[in-house]
Amino acid sequence: MITTDFTPIDYDYFDFEGRNYARIIGRDKQGKRVCVIDSCPIYLWAILSDKLNEKKIKNLIEEIKEIRLDIKGRQTNVEKVELHDKNFLGKKVQALKIFATNYKDLHDIADRLVLPGIENRRGYDLGFVTHYIVESGISPLQWYKIEGDVLDNSGEFGGIDQNLDSDLTIRLQKHKKIVDDIKEPGFAPKILAYDIESDEFQIGKGEILMVSLVGENFKKVITFKKPHKKLDYVEVVKDEAELLERFVHHVRKVSPDFLVGYFSDGFDLPYLKARATHLKIPLNLGLDDSQPRFFRAGAGKGLGTGKISGIVHIDLMKFIQTAYAQYMQSETLSLNEVSREFLGDSKKDFKFKHSSKIKKEEWDDYFEYNLHDSVLTYGLFQKFWPDMQEFVRVIQEPVFDLSRAGLSRYTESYILHNLDKFNEIPERRPKYEEIGERRNVRVEGAFVFEPTPGLYENIAMFDFTSMHTSIIVTHNLSKSTFLKKKEKNSYESPEITEKGKKVKYYFSKKPGFFPELMKEIFELRKKAKEDYKKNPNITTKARSNAFKLLSASAHGYVAFFGARYYSHEASASILAFVRKYNKETIEKVEKAGHKVIFGDTDSVAFLMNNKTEADIKKLLEKLNSELPGIMQLELEDFFTRGLWVTRRTGTIGAKKKYALIGKDGKLKIRGFETVRRDWCHLARELQNKIIRLILKDGNEIQALKYLKEIVKKVKQREIARDEITIRTMLQKPIEDYKAISPHVIAAKKMKALGIPISGANLIEYFVAETREKKSLVREKVKLPEEKGEYNIEYYLNRQILPAVENIFQVFGIEVREIFSGKKQTKLGDFK
DNA sequence: GGTGGCGTTTTACC
DNA sequence: ACAGGTAAAACGCCACC
């Protein structure tokens, strides 16, 4: 017997004599690697029909006990059956807890349970690891005091400890959570970042020229190419095979908790595996000597995820995409841009070419480039680790799974790990046909107010705090609280138009577990925010962020076709309430004597009309006193000026396109080309400057002068290539495009010239002058590397002037008439 | 051969 | 396929005169 402290990092399981055993890899407080072997009850639920008498239940139990399975080379049977009072979708039910030997048999047992008296079979599709965490209460990245027998070359479980590179292997007997306190320092993980460079981009097609590894006080580039100067981090080997061997050697020697790459699920790890297979080199990176395995689960864009036993392989890009992308400034998820935003550092300059064309002295730059990619990846992991850690603690799924999950899984995991509090049996995942049906229904979304174009002064803006989530909580909306028929004393949705008919949906007043959990998230977020204000550090901030994201995804989850707790009725009702509350707020603000300028989903912007800020705050208080439940309106800010413009065609105001300036001079620009990456920098920066000049002192003449300067520069060809480059994302394979737009042409050109498309799939091009007169833009597309002069007419008439023309129209200035020479043949011009 | 409506595509807002 | 709907805008495509 031994007692130690322990934090679980990675979970998997193995079979021994037909039974499942969880194998948890973690650390103790001294940083020693500890492996814990444990088991848990394996079972599924059979939910019984309402009116089943005792005798029938008894017979059913006897019948189930007789089930024998002979599948996949295993012979097993139902071990035990118990009758329990449970809840399923908020309803009291009687359910049979059916115990089996092996988790993998549960599906087959469920298939045998299609019996009279059994309504539903549930709880067999969670996956062993999730099931184990729920059952055992041993959650990732928490601290436990554990007690058990040491397995030291014991030969138990077929000698599992003998082949495992851990300091201590324990067969668990007892465990106790020792801290659940945010002040407890988290564990400092051992990290190794890696990156490869190869000749060909297609996986396994070319040779791997070099691999870089970066850890704490550890920097290495392994290569079989010769350095020009002496570089102490370069380890020269004889060939690619030895490179792979040395890579494995170093990873095993450092033995990190996390092997971290950037887009490494889609490139680095599969490439290493492919080359190792080709060269017959074992890539035994696992703690148990196993090779990386690839799973298609969670595969976006047809890529799998790479798993290494005992060492958590992390592809940072996916985590950043899920948890950060919506709050980031970066326009792509490229390592370069993300590093620049979060680390203030970027990739080293290196112009790719085939290895046969790289000159002797250029190799040193390539090594440095390769090393620096790992340096950046290492830095990013350090930066994001506190957040990743808090997400793991909150949703209670292992780091590996969290790092590959999308927002729906975050929410769903949180639910699944908290169902016990409600004595709830988990709902199953939707079947293929259900997903198809769900994808076919559309629901009407939020209301967007049509603004009147103009320049306004003294504007106030209100918005609802976590609007969708507070609606879910206030009106108890969810799958399980939805009532098929109206009951007295129930919540009622506003009127909804569906398929041309007006309907209303009704929800029980008895608090449902989903709204209750969302309320919990809502409150925990509030508390985390207060904790952060009191004690600002990375952990309190990370926790606040985690709950913020979970809270923001609540409605998205309910409306997501893949969700276990998907509900069309709840989603449609949530959105109907969103429209109702926004419209009501707009009416009330107008009634209070203010002209409303704009509103989108959860916000309303209006003129202060000589009222003081204190008056506006009083109005806010009054509006809040009239709101039900946890609904809350807050003051977004006061603005000194705001600009709304017309849509490109016509005279109606453009929604979602405005610019505001705060009392502190800070700009808030929404929707304008300034924030869109598919416009060239020149047009974006010009527009930004014009907006700035106009909002700062409301003087359009200064802005017009500035425009004149830029137009002159364009006409005199003084604009740099980079400024006129247009960047657009290629969203699918080139062949799949029906419409051949300019960026598709550019992508085709790149393919023909063998220029690799960046990991971010961003296509860059510019519009050039052509000898013959061509009308289509795509016929004038050139790659940034190509020779040619930019097309003055295009940049003037299709980029510069469109970016600013409707801003000047607010002041009655027609910039096209001033600058473009030609008259536009728009209808408006003849009136 | 110009043009106007429509479908496709990308990107942003909340 | 892997959180949702609303909206702006550009461009190609195609019928039409």
Side-chain angles (χ1 to χ4, degrees), chain A residues 296-302 318 321-322 325-326 331-332 404-412 429-430 432 435-436 438-439 441-450 463-464 466-469 549-563 565-566 568 570-572 574-575 578-579 582 598-603 636 645-650 652-658 668-679 726-732 736-745 761-763 767 775-779 781 794 798-799 802-803 806 825-827:
Chain A
R296 286 195 66 82
K301 290 176 190 169
K318 178 72 188 170
Q321 186 175 38
T322 303
Q326 57 179 320
E331 287 171 3
T332 68
R404 267 79 177 179
L407 286 177
S408 70
R409 262 206 71 190
Y410 282 23
T411 307
E412 192 151 282
R429 278 199 292 260
Y432 186 76
I435 290 178
R438 291 174 182 189
R439 286 171 67 84
V441 271
R442 291 200 67 80
V443 253
E444 187 187 344
F447 167 73
V448 188
F449 187 94
E450 188 191 304
D463 60 11
F464 281 92
S466 300
M467 192 186 207
H468 299 74
T469 312
L549 198 66
L550 271 184
S551 178
S553 326
H555 167 252
Y557 175 78
V558 173
F560 169 52
F561 53 77
Y565 295 103
Y566 166 91
H568 164 73
S571 170
I574 292 163
L575 289 167
V578 166
R579 293 190 293 272
N582 195 346
F598 185 56
D600 185 350
T601 310
D602 62 352
S603 68
E636 154 76 29
V645 297
T646 62
R647 287 207 307 230
R648 189 78 71 222
T649 48
I652 42 173
K655 297 170 176 182
K656 298 180 191 283
K657 201 170 171 182
Y658 58 91
K668 185 183 168 111
I669 299 178
R670 293 290 121 99
F672 275 107
E673 286 74 6
T674 291
V675 298
R676 291 182 65 98
R677 72 161 175 226
D678 54 350
W679 282 66
I726 297 166
R727 296 170 179 85
T728 312
M729 181 125 76
L730 197 65
Q731 302 264 38
K732 51 190 175 188
D736 290 3
Y737 278 92
K738 286 183 201 167
I740 310 301
S741 46
H743 81 292
V744 178
I745 288 290
N761 271 336
L762 213 59
I763 305 298
V767 179
S775 59
L776 291 179
V777 177
R778 67 171 179 201
E779 293 167 328
V781 164
Y794 175 84
R798 308 290 281 274
Q799 293 271 327
N806 39 17
T825 46
K826 273 195 305 188
L827 201 64

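None of these values were measured; they are calculated from a predicted model. Chain letters run A, B, ... following the sequence lines, proteins first and then strands; every chain starts at 1.
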Contact class for Arg670(A) (heavy atom, under 4.0 Å): base, sugar-phosphate, or nothing?
-> sugar-phosphate
Trace of the side chain to side chain contact (heavy atoms under 4.5 Å, CB included) decision for Arg677(A) with Met729(A) = CA-CA 9 Å; Arg677(A) 72 161 175 226; Met729(A) 181 125 76; 3.1 Å; yes
Under 4.0 Å between any heavy atoms, over every strand shown, what does Ser553(A) touch: base, sugar-phosphate, or nothing? Just pick one.
-> nothing
So, His555(A) versus Thr469(A): side-chain donor-acceptor pair below 3.5 Å or not?
-> no
Closest heavy-atom pair, Tyr658(A) versus Phe672(A), reported as atoms and distance to 0.1 Å, is C-CE1, 3.5 Å
With a non-hydrogen cut-off below 4.0 angstrom, is Gly556(A) in contact with a base, only sugar-phosphate, or nothing?
-> base
What's the verdict on side chain to side chain contact (heavy atoms under 4.5 Å, CB included) for Leu762(A) and Glu331(A), showing C-alpha distance, side-chain angles and the deciding distance?
-> CA-CA 10 Å; Leu762(A) 213 59; Glu331(A) 287 171 3; 5.9 Å; no
Which nucleotide sits closest to the side chain of Asp600(A): dG4(C), dC13(C), dC13(B)?
-> dC13(B)
What is the nucleic acid contact for Phe447(A), judged by heavy atoms within less than 4.0 Å: base, sugar-phosphate only, or nothing?
-> nothing
Quick one: label Gly671(A) by what it contacts on the DNA or RNA (base, sugar-phosphate, nothing), any heavy atom closer than 4.0 Å.
-> sugar-phosphate
How far does the helix from dG1(B)-dC17(C) to dC14(B)-dG4(C) bend, going by the axes of its first and last five pairs, to the nearest 10°?
-> 10°
What is the nucleic acid contact for Val443(A), judged by heavy atoms within less than 4.0 Å: base, sugar-phosphate only, or nothing?
-> sugar-phosphate
Just call it for Tyr658(A): base, sugar-phosphate, or nothing, with non-hydrogen atoms closer than 4.0 Å on any strand.
-> sugar-phosphate
Tell me what Arg409(A) touches on the nucleic acid: a base, only sugar-phosphate, or nothing, going by heavy atoms under 4.0 Å.
-> nothing
Between dA3(C) and dA7(C), how far is it from one P atom to the other, in whole Å?
-> 23 Å
Determine the contact category for Tyr565(A): base if any of its heavy atoms lies under 4.0 Å from a base atom, sugar-phosphate if only primed atoms, P, OP1 or OP2 are that close, otherwise nothing.
-> nothing
When we call it a touch if two heavy atoms are under 4.0 Å apart, what does Lys668(A) touch: a base, just sugar-phosphate, or nothing?
-> nothing
Tell me which nucleotide among dT11(B), dC11(C), dT6(C) gets nearest to the side chain of Val448(A).
-> dT6(C)
When all nucleic acid strands are considered with a 4.0 Å heavy-atom cut-off, which category describes Glu450(A): base, sugar-phosphate, or nothing?
-> nothing
Is the Tyr737(A)-His743(A) ring centre distance short of 6.0 angstrom?
-> yes
For Pro742(A) and Arg439(A), take the nucleotide of DNA chain C holding the closest heavy atom to each; which residue's nucleotide lies nearer the 5' end?
-> Arg439(A)
Among dG4(C), dG12(C), dT9(B), the one nearest any side-chain atom of Ala559(A) is dG4(C)
What does Lys656(A) touch in the nucleic acid at a heavy-atom separation under 4.0 angstrom: a base, only the sugar-phosphate, or nothing?
-> base
Looking only at atom C1', what distance separates dT6(C) and dC2(C), rounded to whole Å?
-> 22 Å
By nearest-nucleotide position on DNA chain C, the 5'-leaning member of Arg442(A) and Phe560(A) is Phe560(A)
What is the nucleic acid contact for His743(A), judged by heavy atoms within less than 4.0 Å: base, sugar-phosphate only, or nothing?
-> sugar-phosphate
